[in-house]
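Each remark here refers to the structure printed beneath this line.
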Amino acid sequence: MENICKFKKRMVYPEQLNLDQIGNKSAQNAASWCSEPLEQASNNINVPEIVKISPVKEKNEEIYSNGGIPQTTANAQFIQDRIRHLVDAFSTRAQAARERIETPATPSSISSRETVEHQQHSIPMKHKLSISFSDRYIEEKDTKFLSSKKGLIRYFDRKIIDPNGRFYVTWMSIAAMAVFYNAWVIPLRSTFPYQTKLNRPIWMTFDYLADLIYLIDMTCVQPRVKYLHEGFWVIDIKLLRSNYMKSRRFKLDVLSLIPLDFLYIIWGPECVILRIPRFFKCHTFWEFFSLIDKLLSNPYVIRISRTLMYMMYLIHLNACAYYSFSTWEGIGSNHFVFNGKGNAYIKCFYFATKTATSIGKNPKPTQEIEYMFMTFSWLMGVFVFALLIGQIRDIISTATRSKTEYRKLVNETLEYMRRLNLPQDVQRRVQLWFNYTWETQRTLDENTIMDCLPHKMKTDIAINVHIQTLSKVKLFADCDEALLRELVLQLKSVIYLPNDIICKKGDVGKEMYIIQSGKVQVIGPTGDVLATLSEGSVFGEISLLGISGMSRRTADVRSQGYSNLFVLSKADLNEALIHYPEAQDLLNKKAKSLMKKNAALEKKHKAMIVINNPSPQEKNNKFLDTVLQVLPPGSATNRLLRYGSRGKPTRNPENDIFKYRNSLPIIKGNYGNSIENYFEGNVTVHRSMT
Ligand SMILES: Nc1ncnc2c1ncn2[C@@H]1O[C@@H]2COP(=O)(O)O[C@H]2[C@H]1O
């Protein structure tokens, strides 16, 4: 029995363990006070049941042998249960401590939701800081706590609110509505006789509902909104609470809930002006608008609505002032005041709108005080109008700024080309380029948009935007992801029009290309299409790789229709390839195989010429030219000399048309404008000709 007591004393219940101790020492150290098998168990979560029970057996044997009196099964059961409980708790905590030790303190780009939650539940740190660089909405979801009533309370007690999250935005819209209700209704009911004995309960219900929203906001929502401190999200509830309580917002919230309504007992419930402290919460209304302004991708509608709302509110206040002025002077007592006919609010609002907008035709003031009232109303109207027009102009100009800039640039460029008297075709193509670029990108220079962003963010955006194309690029599919991240920011987007020559054979290569959309054709030396490349294909890389004998463009590349390409400069490519030799190998292999293919094609083509169409000798051409010039264009000899024994052009594109055609003079004849046109791809030169 003594032994059992000793053993019980040595057992420290897991609930009493301070996890900081475990965290500061290692997981093993935390369990080291325990017996040997327990130590093993704490480090190993999947401990077999037999191992966990073994110390009990040993202890029980010891008890039997020492005392000689058999112990009750209840004691044995108790020890077994406690040990199992202890082992389980140790396993979990040792694992937690190990994770904590292993987790680096450096910020991670991954939102470590679980780590944060775990720290929050079990580690009593003074400053619980969570790191979250993603803008994703993080909402606390912990279903296991929701199973019981106590758990539910604990769950809400721990709930942290993301200031950019959906929950907060929804709540703020409700709170803003409550503020708006008070702001509109308090002046209305204080001046107009709209609160009667009959409808008082309805008004009161709404009033206290709004008050309840104020109260919930102050006690349950605002103290849980996480905030950034030195770049980290603070999620410790105590810190959040104290931060809110030190803020100006809290003071205003407390002021807004001053229960002056108790004075209804003295002045009666008609004295709605006693609710005036509720105006102190108008900061919630502004905060709500700036929140949605930040979150919406197109906030112009919200901005215009807010401005209109301000204007309406000022007119509403003016209407209330006019009515109370009228009651003070006596309704219908002169021409200036409200005459008491019709709906009071509508009539007064109409008067206030006319004054505020300076439309005129207002009733003429009869007394000095009325003149003062009118002067004040007009001044307010001028202010409202200036505010409204200025804001709407700002909103519209911001919304259409990029389009205006685009139009200005197009006009300037076209004007410049007209001044230089450039050919119509060039002007047309430039205009086409502007139109197409604007239609597809909505900006003329994508890169400048992101200039202000930090490098990592730019890379993330660029990868996200171009991921579809880049995932199709075989070169990148086989390469290191880091290479992709390095290259993606160096890519410049360029648009080519139909039939634009992108690379010219023999030119020095300075850039390589990736097709974002559209198609390009690789043209062989004979003008035939060697390959048609589409989205995700890479070309123009051979001349950049520094392979001996291939430092110039090996083929013409032409845009078939409109094509959007990414351009990567030689310097950027080479810089990246230094660190990624496997990518270099891949490109070299591809270049060599392409060159082999091209060489084979060229060889085959030369053989065809030798067999079928040997090229005329240069020296013969001069003589032939002279003879052709002398001969009448339609004569049989002329035809024989031009087209060989067939006497007419054939449709064989395999022939070497260029050499021969280039040596011919332009002859106007039966074949349209020039013989040049006729020869386009149709020349057959027969052996008999030479
Ligand atoms: N037969 C071919 N098939 C596909 N692409 C080619 C072929 N020949 C050349 N090219 C590409 O056309 C590009 C022309 O410029 P480069 O020589 O720099 O790199 C070349 C290759 O990327």
Side-chain angles (χ1 to χ4, degrees), residues 466 469-479 483-484 487-488 490-578 580-609 653-654 656 658 681:
H466 305 315
T469 310
L470 296 179
S471 60
K472 289 185 186 158
V473 179
K474 221 172 154 231
L475 169 71
F476 296 143
D478 300 343
C479 282
L483 170 68
L484 182 64
L487 289 183
V488 77
Q490 320 297 346
L491 300 175
K492 309 256 169 338
S493 186
V494 180
I495 288 172
Y496 282 93
L497 303 184
N499 294 324
D500 271 356
I501 298 292
I502 304 163
C503 305
K504 188 111 195 80
K505 186 177 175 181
D507 283 356
V508 177
K510 288 178 188 153
E511 288 151 339
M512 67 170 259
Y513 304 86
I514 297 165
I515 305 174
Q516 199 182 354
S517 65
K519 283 188 176 154
V520 303
Q521 293 175 321
V522 182
I523 312 289
T526 53
D528 46 347
V529 176
L530 292 180
T532 302
L533 310 175
S534 56
E535 191 186 340
S537 303
V538 175
F539 67 91
E541 75 290 7
I542 298 180
S543 54
L544 305 191
L545 293 173
I547 306 169
S548 65
M550 291 184 212
S551 60
R552 287 174 182 267
R553 296 285 186 209
T554 54
D556 286 349
V557 183
R558 184 176 64 196
S559 171
Q560 203 179 4
Y562 286 98
S563 25
N564 290 40
L565 308 179
F566 289 129
V567 182
L568 184 66
S569 76
K570 185 177 181 174
D572 289 335
L573 178 72
N574 287 342
E575 202 179 309
L577 290 183
I578 292 170
Y580 301 95
E582 63 284 8
Q584 170 108 43
D585 288 348
L586 204 79
L587 283 173
N588 282 349
K589 263 185 213 154
K590 187 195 157 196
K592 278 177 189 155
S593 92
L594 277 181
M595 290 327 296
K596 243 187 224 169
K597 192 177 148 195
N598 287 1
L601 273 174
E602 210 161 321
K603 216 169 164 186
K604 192 176 152 201
H605 170 75
K606 271 184 188 157
M608 293 271 286
I609 292 172
E654 294 284 329
D656 188 358
F658 298 109

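Order of listing sets the numbers, starting from 1, for every ligand and every atom in it. The first residue of the sequence shown is numbered 1, and numbering continues consecutively from there.
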Nearest protein heavy-atom contact for [atom]: which residue, which atom, what distance?
| atom | result |
| --- | --- |
| atom 8 (N) of ligand 1 | Asn598 ND2, 2.8 Å |
| atom 21 (C) of ligand 1 | Ile542 CD1, 3.7 Å |
| atom 13 (C) of ligand 1 | Gly540 N, 3.6 Å |
| atom 15 (O) of ligand 1 | Arg553 CD, 3.2 Å |
| atom 14 (C) of ligand 1 | Ala555 O, 3.6 Å |
| atom 10 (N) of ligand 1 | Val522 CG1, 3.7 Å |
| atom 2 (C) of ligand 1 | Leu594 CD2, 3.4 Å |

Quiz prompt | For Phe539, the ligand 1 atoms whose distance to one of its heavy atoms is below 4.0 Å | solution = 22 (O)
Quiz item: Which atoms from ligand 1 have a heavy atom of Ala531 less than 4.0 Å away?
Solution: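 Near Ala531, the atoms of ligand 1 are 3 (N), 4 (C).
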Quiz item: So do the side chains of Val557 and Ile501 get within less than 4.5 Å of each other, counting heavy atoms only?
Solution: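 A side-chain contact is absent here, since even the closest heavy-atom pair is not under 4.5 Å.
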Exercise. Check whether any side-chain heavy atom of Lys519 sits under 4.5 Å from a side-chain heavy atom of Ser534, and report yes or no.
Key: yes
Quiz item: Which pairs count as salt bridge (Lys or Arg N to Asp or Glu O under 4.0 Å) when at least one residue sits in residues 501-513, sequence neighbours excluded?
Solution: Lys504-Asp556
Quiz item: So is Val557 polar-close to ligand 1, meaning N/O to N/O under 3.5 Å?
Solution: no
Quiz item: Short N/O distance, under 3.5 Å, between Thr554 and ligand 1?
Solution: yes
Quiz item: How far apart are the C-alpha atoms of Val522 and Leu533, what are their side-chain angles, what is the distance that settles it, and do they pass the side chain to side chain contact (heavy atoms under 4.5 Å, CB included) test?
Solution: CA-CA 8 Å; Val522 182; Leu533 310 175; 3.9 Å; yes
Quiz item: Taking heavy atoms and a distance under 4.0 Å, where does Glu541 meet ligand 1: side chain, backbone, both or neither?
Solution: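 The answer is both, backbone and side chain.
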Exercise. Could you tell me whether Ser543 approaches ligand 1 through its side chain, its backbone, both or neither, with non-hydrogen atoms closer than 4.0 Å?
Key: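 It is both parts that get close, each with some atom under 4.0 Å.
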Quiz prompt | side-chain hydrogen bond (donor to acceptor under 3.5 Å, both in side chains) contacts touching residues 586-598 (sequence neighbours left out) | solution = Glu541-Lys590
Practice problem: Any chance you could measure Thr532, atom OG1, to Ile523, atom CD1, to the nearest 0.5 Å? | Solution: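 The distance works out to 8.0 Å.
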Quiz item: If you measure from CD1 on Ile514 to OG on Ser537, what distance do you get to the nearest 0.5 Å?
Solution: 10.0 Å
Quiz item: Do the ring planes of Tyr513 and Phe539 sit parallel (below 30°), tilted (30 to 60°) or perpendicular (above 60°)?
Solution: parallel
Exercise. Write down the atom of Ser493, the atom of Gln516, and the distance for their closest heavy-atom approach.
Key: OG-OE1, 3.5 Å
